[in-house]
Structures are given as structure tokens and as C-alpha cells.
Amino acid sequence: MSNAQRSALAFAIMAGLLMVVGFSQSWPLMLTILNLCLISSLMALGVNIQWGYAGLFNVGTMGFAALGGVAAVLVSKGPVPEAWAAGGWNLFMAALLFVLTGAAAIVAYRPIPKGPLRVLALSGIIIIGIFAIRYFSDPAIADIEAVNPTVTGYLGGLGLPILFSWAAGGLFAAGAAWIIGKITLGLRSDYLAIATLGISEIIIALLKNEDWLTRGVKNVAGLPRPVPFEVDLQKSEKFIGWTEWLNSNALEGLTASERGDLLSALVIQHSGIFVKLGYAGLFTVVLVAVLSLSVMALNSPWGRMMRAIRDNEVSAAAMGKDVTGRRLQVFIIGSAVVGIAGAMLTTLDGQLTPGSYNPLRFTFLIWVMVIVGGSGNNLGSVLGGFLIWFIWIEAEPVGVWLIDFATGWMDETSPIRIHLMGSAQHMRLFMMGLVLLLVMRFNPGGILPEVTKARTQKEIDRD
Amino acid sequence: MTDVFNAIILLSNFVIVPGLTYGSQLALGALGITLVYGILRFANFAHGDLMAFGTMVAVLITWWLQSMGVSFGPLPTALLALPVAIAVTIAMALFTDKAVYKFYRKKRSAPAVFVIASIGVMFVLNGIVRFIIGPNDQRFSDGERFIIKARAFKQITGLNEGLAIKVSQGLTIGITFLLVGAPFWFLQRTRTGKAMRAYSDNEDLALLSGIDPERVVMVTWIIAAALATIAGTLYGLDKSFKPFTYFQLLLPLFAAAIVGGIGNPLGAILGGFVVAFSEVGITYAYKKFLGYLVPESWEPDGLLQFLSTDYKFAVSFIILVLVLLIRPTGILKGRVI
């Protein structure tokens, strides 16, 4: 089977699985799964850019996705003028001092020779800086958080359309990736993993506790939406007329009151589907754009260079390639893609809940997607994103069904049966691990393995 | 003079005793991580969940013993359950090694492949634990709660500040001090221990000398799993058992192992205490402590807290990142990274 056929078959099966959900469970559920599949695929693409192209072991996906979420809040929410008035000045001073401390540390770094003197001077500068910053920031934060804390208590955002936040999320994540990459990319692979895991936890800790910026665990709800609200659609004459036209067969020959009841039920159902389709359309546009750019990049000389660095760093360096620079570049690009996906996820949820970021779901699950889909293959990552998210969601009903089947001979009130039914949802973690281990063991290239000119499908099959 | 004593007791109660307890738990866990790293040469992401698995077995056996009416007097019943729990966890660790890691060891895969495989094991163990015992908090401690209560301490000494030491704290520190010597004795004095050190230093040379690698690996897993179960059970007795908390312990454990110097058992113990004391010490408010020591007029206005307690967990990540950047070999020289 050629690579294209293989991909087409895999995606056809995936579409079939989604259709099965649509027919057997419900179409709104299928669209909910589809939307999160699209976002997951984008995140998996981001990780694939780092791991599949360049072999960077970044386990900090959660942090970049969360930064995208912050962007969604900061771009779309309206500013809170009272909070700016209360704490703006002090906050500005704190920010200024922060920059000054950083600048002083950088200026002092070079002239002082390496040794205890430098350590002493730098720690002195930083400690004095921290005290000075906190002199201004402590009252600023207290003042800002005191402004109507049940509703705002934070600075608010820019009040722009939320679609801008997708780009902003990418930029936020890229900026963070630049700083993180500068300091961690020198580490060996598994240390890079531990360091990025730690940094992503630090980002989440900041989000949870810096209430003046993100309201912390109080969450920011009610974000604006790029698509209309269901209630507005249900009132719109145009939408009702459109529903009527779409269902004219079903509505024909009914009495006036029956017709009215059926129509209003249909309008409510269709409005939900319409909104979900709207999101799916927007996400698909982004996914297709990023995917085609990724495919072009991977097939370009740049992509060949990245693979050369991944496969043999020493010879790539000997060929005059800037290994450190390229790694930083690919780290930033991949993280930006994850940031965009993070902003899209927060947009879909309509709220930012820092407490919900969990490394199992936002980092390790994405990794399972990349490995199972096929690292180094962009289409593979997209497929992995779809398939793994699908299993993640459907493992629960299937698990319940399986346990119901297996324990059917037991009494309805048997404590073992009740306990197993209650625990069925945790089967998904077990299944994820099992899928990952099985694919790694028996099909290490993933479902759609990496294909390059030098390494054709035939060779992959032979291995 | 009483003020100085008051200050010391205050600090002991809120910083030193909790720090020693948490540090002991981290040290035991980090020893396992460092041994696996030294012998199998990868960072085991499943170690936190191995701890959770061991603790879960201990909890289940404890419940069973409690239902049978068995108790251990003033000490928690969980101590009686510990040997069986250790045996089951060792079996689990050896099974994962046979089923997963052995294949990659034979293939001599890159460390990153091992790490990804350990992520798979992490998911599986996490799923098993949640499936069997559920994701919620479980309490399983019984027996006496305190070695000494704050009020009794105040009455005996006549000081303002009381010192409360829980049985679980005393047990943790005591067991750790008894146990930490064992791995060193084993590594330095026994034939198998020497084989392990040789294998860790130079795999090929060790193989040439006729050391059986599978045996070395097996012993490593046995020690790591035993320590993980003990550390996890002690942590659960001290706080409570919740699967997700154990998964989150992974980063402080890595921090401890790396701060001390990964691959170096002494470093893991040192690192455990460094991480624990930084977490507790940086988030403690020193206002009252200084209040006893300096004249009233000097007393500071603020709480004198470096970071709010919300960041307690983040402290270990910050230490981890700082050490990785400044001195990646750790305090005591571990492996060069």
C-alpha cells in the first residue's frame, strides 16, 4: 500500500468512526468530539514539529496551551477601568523596576569576572530588585484584586474580537518558548523533558495564583464567541425560516399547533448543531493552514536540515548548520502552534479555568497522539489527534458497556459491580497507556510512519 | 532566654519537623529514581505512580486487617500491611520490566524511547490505581495520632509555643534513618551491590567481567519498588492517599534526585531534604519567629514570607529548573548530563 493510500484509508476509517457516533449516539455529541479532535490534532502537530522534525523532547505542552488560554482572556475581555485606576500606577512602577533589575543584572554580568564576586553581586542585585518590585506590586495587586472581586478583581483585557486571540496565543507561547528554549535547550533529551514539565507546572501555578491577571482559580467565564449564541439564533427570523425550509418534508401536512411545536424543537436542535459546525469550520481552516505549512516546511531544504540535525547532530554541525539556533527556532514554532490550539480550546470552552490544566490531559495525552499517529509525519499527528481523542472520550461508554456485560451475571446491588461500574471511566487512562505501549512495541513508526525520499514505504514495511 | 527557646520551638514545629518528614519521604522516593537512572539510564516517569500503586496495596490490606479486628497497638496497622504491599509492588515492577523495558534494553534504544515507554507505564498504573481504589482521598491511618501534643509540651516546658509531633512524622523520620543506611551497605559491601555499581559505571566493562545484566536490573527494580512502597505509605499515613497527589509528587522527586546529583544515592537523600526544606522554608511566614528574637520596635510589618503558600509546590520546580541550568550534575557530582 502506498503512503497516500494508507493515509486515505486511515482517515476514511476515522471518519467512519465519527459517523458511527453520529448515528448511534447523537450528532451534537459527534460534533463536540470532532471539535476537540481538531484542536487536539493542532496540538499534536505542534509537538510533532518539535519531536518529529527535530527530536526535541518537550513535555511542557500544557504550559503553552495555558498561555494560549490566557491570550484568549487578555484579548477578548473588556478592560476594567476601576482596576487600572486603583493599581495601574503601582503596577507600572513594578514593571519598570522589573525591567531595570533585569537590565542591571545583564549589565553587571559581563564586566565582573567569573567567581564568588559575580555570584554575590548578581544575587545582591536580584534580591534588592525583588524587594523594590514587591514594594510596588504588593499594594498594586491588593488594590486590583479588591475591585469588585466577585465579578472582576483583575485588570481585564483589550476587548477585541476573540479571533485575534488565536494569533496572540501563538505569540504568547512563542515568546515564552524563546525564553524557555534559550535556557533549557542545552540539556540532554530526558532532562529537557523534566525541565519543560517543571516549567509548565510553574506556568500553571502562576495562572492559578496571580488573580490580578487571570482571576486565578476564580476562573474567567463568559468569553465572547466568534460564532452566534444559540439563543440569538433561536430568535432570528432568518434562522427559523432556514430551519423550516430544511425540514419542509417533515413539517408538511401537520396541524398548526403540531407544526409550531415541532418547528421550535427543530430550531433549538439546529441552533446547537449550527454553532458547533461554525466552530468546526473555523478550527478546520486553522488546522488545514498549519498542516499545509508544516508539510511544505518538512519537504523543503529547511525540513531536510532539521531531520539531519535530529538524526546526526555532529555531522549536521560539521556541515556548518547552526544546530543550537535551528533547535531554538523549531522549539518556538512548535510551541506557537500549541499556543494557538490552546487559545482555540479556551474559545470553545468560553472560559478560562486554570484549575483544569492537568499534565495527563494536556501534555502526556498529546504525546500519545504523536507517537501513535506516527512521529515525523504531519498527517500521522493529525490522525493521532483524532483517533486518541476519540478513544479518550469513547473509552468511557465502551468501558461501562464492557463492565456491564462482564458483570451481568452479578446481582444489581452487588458492591463489586457497583464499584466497577463507578470506576469504568478510569479505564481510559489504562487504555491510553496500553495503546501507547502496544504501538511503540509492535509498530514503532506509528500508524502513518515518517516517509522521506531516502526512506521509502517499502523499506519501512521491511523493518 | 525563654524567647530564644520559644523561637526555636516555633521554628521546629512549623519548619523543621514538617521539613524532616517530607524530606524523608522524598529521599526514599528519589533513591528509587536515582537507582533506576543509574542502572537503566532513563528518567522513570512512572515512579510516582509506582508509589501510588504500592500505597494502594498497603491501604487495601490495612482495610482488610482493620475489618478483621487486627491492630498494631499505638502504631498504625499499615505497618503490618507493608511487607505484603512491598512484595506485590516488586512483582508489579518486575512485570513492567519484563513486559515493557526489557525489549528496549535488548534493542539498546535511546533514553527518550525508554522515557516515552515509562509514560505509557505511568498511564497504565494510574488507570489501575484509579480503577481499583477510585480517584478520591482515602484515609487509612489508625492508632495513636500524636507522640506529643502541643498543649502537653507547653505544660511540661512552660513555654508559649508548643511542639506537636505526629506519630506518622516520628515514624517517617525513624524508618528513613533506619533504612537509608541499607542501600549504601548493600551497594558497598555485597557482591550484587558491587556488580550494580560496576554496571552503572561502565556497562560494557561490567558485561565483559561476567556480570549478569538481567540480575542487576532485577535487583534495581526490587530496591526501587520497595523504597517506593515505603515512601508512599509513609506519605499517605502523614497526609492522605490520593492517586493524583502521588502523580504530582513526581516532580519534587525528580527535583530531589537531580539536585543531589542523579545516579548518586547519597545525593538523592541530600536532595530530598534540600527540596523539602526549601518548600517549607520559603513559604513560611517568619514574622512571629523574628518577633521573639528582635526588640518590639524592630518588628517588621509584613509577614516576612518569601512566597505565598500557594506556590509551595512550585518551589520544587523552580529549584529543579535552576539546578538543571546552573549545575546540571547536582550538588554532589552525579552523572554528567
Side-chain angles (χ1 to χ4, degrees), chain A residues 51 55 57 59 130 134 138 180 183-184 186-206 208-209 216-217 358-360 363-365 367-368 370-371 375 399 419-420 422-441 444, chain B residues 37 41-43 45-46 96 99-100 103-104 107 109-117 119-135 243-244 247-248 250-251 254-255 257-258 262 302 306-308 310-321 324-325 328 336-337:
Chain A
W51 169 249
F57 200 168
V59 195
I130 288 175
R134 285 193 60 172
D138 282 356
I180 296 169
I183 52 184
T184 59
L187 298 168
R188 216 193 76 171
S189 67
D190 38 354
Y191 283 80
L192 180 66
I194 298 171
T196 46
L197 186 62
I199 289 171
S200 72
E201 290 281 0
I202 294 173
I203 293 176
I204 300 299
L206 284 172
K208 276 187 189 164
N209 296 308
V217 286
N358 163 352
L360 278 178
T363 299
F364 295 115
L365 192 65
W367 267 88
V368 178
V370 175
I371 303 291
S375 47
H419 173 81
L420 286 180
S423 304
Q425 52 166 319
H426 304 300
M427 283 299 282
R428 56 156 75 149
L429 291 163
F430 182 80
M431 278 164 78
M432 279 304 127
L434 206 60
V435 168
L436 176 67
L437 289 173
L438 289 177
V439 168
M440 277 182 76
R441 174 74 176 262
Chain B
Y37 188 89
R41 298 189 166 75
F42 74 96
F45 273 56
T96 50
V100 181
F103 173 76
Y104 302 105
K107 266 179 62 177
S109 300
V113 175
F114 278 94
V115 175
I116 298 173
I119 291 175
V121 174
M122 178 186 88
F123 267 109
V124 169
L125 284 178
N126 205 314
I128 292 177
V129 170
R130 290 188 198 207
F131 187 74
I132 295 179
I133 205 166
F244 188 63
F247 165 72
Q248 282 187 313
L250 189 63
L251 273 173
F254 272 133
I258 292 172
I262 197 149
F306 293 103
L307 271 176
S308 84
D310 303 328
Y311 283 110
K312 198 171 194 165
F313 229 39
V315 171
S316 59
F317 314 147
I318 296 170
I319 299 174
L320 171 73
V321 174
L324 279 178
L325 300 176
V336 182
I337 298 161

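Chain letters run A, B, ... following the sequence lines, proteins first and then strands; every chain starts at 1. The model shown is predicted, which means the values in this text are computed figures rather than measured ones.
At a 4.5 Å heavy-atom cutoff, B:F114 makes no contact with chain A through either its backbone or its side chain. A:L429 touches chain B through backbone and side chain together, each having a heavy atom under 4.5 Å away. For chain B, no part of A:V435 is nearby; none of its heavy atoms comes within less than 4.5 Å. Residue contact with chain A, scored on non-hydrogen atoms closer than 4.5 Å, involves the backbone and the side chain of B:V113 alike. Proximity to chain B is limited to the side chain of A:I371, based on heavy atoms less than 4.5 angstrom apart. For A:R134, the part lying under 4.5 angstrom from a heavy atom of chain B is the side chain only. Using a 4.5 Å cut-off between heavy atoms, B:F131 touches chain A through backbone and side chain atoms alike. Neither the backbone nor the side chain of B:V129 has a heavy atom closer than 4.5 Å to any heavy atom of chain A. For A:L192, no part lies near chain B; criterion is any non-hydrogen pair under 4.5 Å. Both the backbone and the side chain of A:F364 come within contact range of chain B, each with at least one heavy atom under 4.5 Å from a heavy atom of that chain. Contacts of A:I130 with chain B are absent, with no heavy-atom separation under 4.5 Å from either backbone or side chain.
The shortest side-chain heavy-atom distance between A:Y191 and B:I258 falls under the 4.5 Å cut-off. Side-chain contact between B:Y311 and A:L206 is present, with at least one heavy-atom pair separated by less than 4.5 Å.
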What's the verdict on side-chain contact (heavy atoms from CB on, under 4.5 Å) for B:I116 and A:F57, showing C-alpha distance, side-chain angles and the deciding distance?
-> CA-CA 10 Å; B:I116 298 173; A:F57 200 168; 3.7 Å; yes
Please lay out, stage by stage, how B:F317 and A:L197 fare under the test side-chain contact (heavy atoms from CB on, under 4.5 Å).
-> CA-CA 9 Å; B:F317 314 147; A:L197 186 62; over 6 Å; no
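Highest contact tally toward chain A, considering only B:A314, B:P135, B:G134, is held by B:P135 [criterion: heavy-atom pairs under 4.5 Å]. In terms of heavy-atom pairs under 4.5 Å with chain A, the best-connected choice from B:A43, B:A117, B:A110 is B:A117. Per-residue heavy-atom pair counts under 4.5 Å with chain A were compared for B:F42, B:F247, B:F123, and the maximum is reached by B:F123. The choice from A:L360, A:L434, A:L436, A:I183 that makes the most heavy-atom pairs within less than 4.5 Å of chain B is A:L360.
Here the straight-line distance linking atom CE of B:M122 with atom CE of A:M432 works out to 12.5 Å at 0.5 Å rounding. We find the NE2-CD1 distance between A:H426 and B:I132 to be 12.0 Å, quoted to the nearest 0.5 Å. For the atom pair CD1 of B:I119 and CG of A:L437, the computed distance is 10.5 Å after rounding to the nearest 0.5 Å. Atom-to-atom distance recorded for A:E201:CD and B:S316:OG is 9.0 Å, nearest 0.5 angstrom.
Between the side chain of B:R130 and the backbone N or O of A:M427 there is no donor-acceptor pair closer than 3.5 Å.
Test B:I318, B:L251, B:L320, B:V315 against A:I202 for side-chain contact (heavy atoms from CB on, under 4.5 Å) and you get one pass: B:I318.
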